[in-house]
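Report on one structure; see the data block that follows.
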Amino acid sequence: MIKAKAFLFLSLIPILAFAQKKDALSYFISKDSLVGVKNQKGEIIIPAQFINLTGLKNGEIIEDGSHTIFFDGSLADRDKIEKNSWGVVFDRKGNLLYQPYSYDNGADYFSEGVRRLVKNGKVGFADRNGKVVIEAKHDFVSPFNYGYAEFCDGCDWEKTNEEHRSIVGGQWGIMNVKGQTVQPVAKPSEKDVEIEGKYYSNPFQYNKKEKSILQFFEKQKKKLADLYYVNFYNKMSENEKKLFFEIVERPKENFPYYQVNTYNYRKKELDMLYRFKFLVSEDGKTFYAIEDYNNKKIPFENWLKEEIKSAEDFQKEHPDNPNKLIN
């Protein structure tokens, strides 16, 4: 009986392997040099409609682990391009999910687990799985920082020079991660966050496991602060070097981690992309640093050794640096 079960299991391996591969997707290039997506059977999942700005190859496989498909380029049909957008995001079945907001000559970055999208000229937010979590209803919204985002209605872009624009006019407000408009507190405490001269309630609450995760970083915050500020030109006080660590994203489908961001003494993100941002396993026991904007991770201890070496090398080359790392 045991041998029969073993044989049955082994005989299923090719079937399972085939089942896993049958959803493999790849890019294809049309006769007019536009890009689309086909499945393994050659069936068109996403019609060829994108200008190939990134050098995609015909037959190039789309990563299996990717739960969305992002075209980092323009739609050939200009009428379908949302104003102030960059690229298009689909699910793996070919359903259009959203068009990311255009920022820094590309698609908007993920900030605190979401990034901006554009629909009918308005700005909203989508999560890593492509789900719209805040509907597009404002003329402009900033990225989230410390649980809040600034928005405006009736505002517009004004060109300041050849490369930069600024938002002018309109009525401004502050939203929370649910997209709800919030009001400043009358009597702020040190736990609250200052935005444009007003204070808003600390948005973060944690359970026991999450507090334990943050304690890991709290125990090392003096060293982490010294590492981050080692190459700053001006001498900084201990208060100015104070860091805050907050969990900005929790485990979800296709993302089995807690993400911890680091903020300065004014509760502003230390880095918009990935520096001093961390991932923690769902059980709260394994810690990583994020190494690039694609969320590539490196074990925390390895990252820490690299940061210390880099800081020590900097101090050797610049012995007069005002913010010393004492390891």
Side-chain angles (χ1 to χ4, degrees), residues 5-77 80-82 85-102 106-110 113-115 117 119 125-133 249-257 259 273-274 279 281-282 286 288 290-299:
K5 285 185 177 179
F7 175 78
L8 177 62
F9 174 76
L10 290 171
S11 67
L12 283 174
I13 290 178
I15 297 173
L16 292 171
F18 176 78
Q20 290 172 344
K21 290 181 178 180
K22 72 177 182 180
D23 292 328
L25 304 177
S26 61
Y27 297 107
F28 73 95
I29 312 296
S30 68
K31 291 180 180 179
D32 47 0
S33 301
L34 298 180
V35 185
V37 173
K38 290 182 178 180
N39 63 18
Q40 197 175 44
K41 296 178 181 179
E43 298 167 335
I44 294 177
I45 302 300
I46 301 173
Q49 54 188 310
F50 298 90
I51 300 171
N52 192 2
L53 298 179
T54 56
L56 295 171
K57 307 297 184 185
N58 195 50
E60 183 175 332
I61 299 296
I62 298 172
E63 184 181 355
D64 285 339
S66 175
H67 45 279
T68 59
I69 302 169
F70 170 56
F71 280 94
D72 188 7
S74 297
L75 283 158
D77 186 348
K80 293 183 179 180
I81 301 175
E82 289 279 0
S85 71
W86 185 288
V88 184
V89 177
F90 292 84
D91 65 18
R92 292 183 69 89
K93 295 181 179 179
N95 299 308
L96 190 152
L97 299 177
Y98 66 91
Q99 295 185 40
Y101 183 82
S102 176
D108 194 39
Y109 307 123
F110 280 97
V114 295
R115 72 170 168 191
L117 61 91
K119 184 176 182 180
F125 289 87
D127 67 12
R128 295 181 189 278
N129 289 324
K131 179 183 178 182
V132 176
V133 293
E249 196 169 2
R250 291 172 169 83
K252 61 171 68 72
E253 184 182 5
N254 302 312
F255 187 76
Y257 304 102
Q259 179 167 322
L273 290 178
Y274 56 87
L279 297 176
S281 60
E282 196 164 357
T286 308
Y288 305 94
I290 297 175
E291 198 169 34
D292 64 21
Y293 65 90
N294 287 321
N295 262 17
K296 181 180 179 181
K297 57 189 185 295
I298 177 175

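Residue indices begin at 1 and follow the sequence shown. As the structure is a prediction and not an experimental result, all values here were calculated from the model.
For K252, the NZ atom is densely surrounded, since the number of other residues' heavy atoms within 6.0 Å is greater than 12. Heavy atoms of other residues, nucleotides or ligands lying less than 6.0 angstrom from OH of Y274 number 12 at most.
Ring geometry for F50 against F71 counts as parallel: the plane angle stays under 30°, on a 0 to 90° scale with 60° as the upper cut.
What you find for F28 and I46 is that their closest heavy atoms are CE2-O, 3.7 Å. Scanning all heavy atoms of the two residues, the minimum distance from S30 to A48 falls at CB-CB, 3.7 Å.
The side-chain hydrogen bond (donor to acceptor under 3.5 Å, both in side chains) search around E253 returns none, not counting sequence neighbours. In terms of the salt bridge (Lys or Arg N to Asp or Glu O under 4.0 Å) criterion, residue partners of R128 (sequence neighbours excluded) are, by chain and number, E249. Applying the side chain to side chain contact (heavy atoms under 4.5 Å, CB included) test to N294 and every residue at least two apart in sequence or in another chain returns D292. Applying the side chain to side chain contact (heavy atoms under 4.5 Å, CB included) criterion to A107, with sequence neighbours excluded, gives F70, W86, P100, R115. Among residues two or more places apart in sequence or in another chain, the side chain to side chain contact (heavy atoms under 4.5 Å, CB included) test is passed with K93 by D91, N95. Residues passing the side-chain hydrogen bond (donor to acceptor under 3.5 Å, both in side chains) test with S74, sequence neighbours excluded: none.
The structure places CD of E291 at 11.0 Å from NZ of K297, a figure rounded to the nearest 0.5 Å. Summarising the geometry, atom OG belonging to S85 is positioned 12.0 Å from atom OH belonging to Y98; distances are rounded to the nearest 0.5 Å. One finds the OH atom of Y27 at 7.5 Å from the OG1 atom of T54 (value rounded to the nearest 0.5 Å). In this structure, CG on L56 lies 11.0 Å from OG on S26, to the nearest 0.5 angstrom.
No side-chain heavy atom of D72 sits under 4.5 Å from any side-chain heavy atom of L53. Looking at Y101 and L117, their side chains never come closer than 4.5 Å, going by heavy atoms from C-beta outward. Under the 4.5 Å side-chain criterion, counting only non-hydrogen atoms from C-beta, F255 is in contact with N295. I61 has its side chain out of reach of L25: every pair of non-hydrogen atoms, C-beta onward, lies at least 4.5 Å apart. Contact of the R92 side chain with the I62 side chain is registered, since non-hydrogen atoms from C-beta on lie closer than 4.5 Å.
Of the possible donor and acceptor atoms, one in the side chain of N58 sits under 3.5 Å from a partner among the backbone N and O of I29. In this structure a side-chain-to-backbone donor-acceptor pair under 3.5 Å is missing from N129 to K131. Remark: the backbone N or O of E82 is paired with a side-chain donor or acceptor of Q99 at under 3.5 angstrom.
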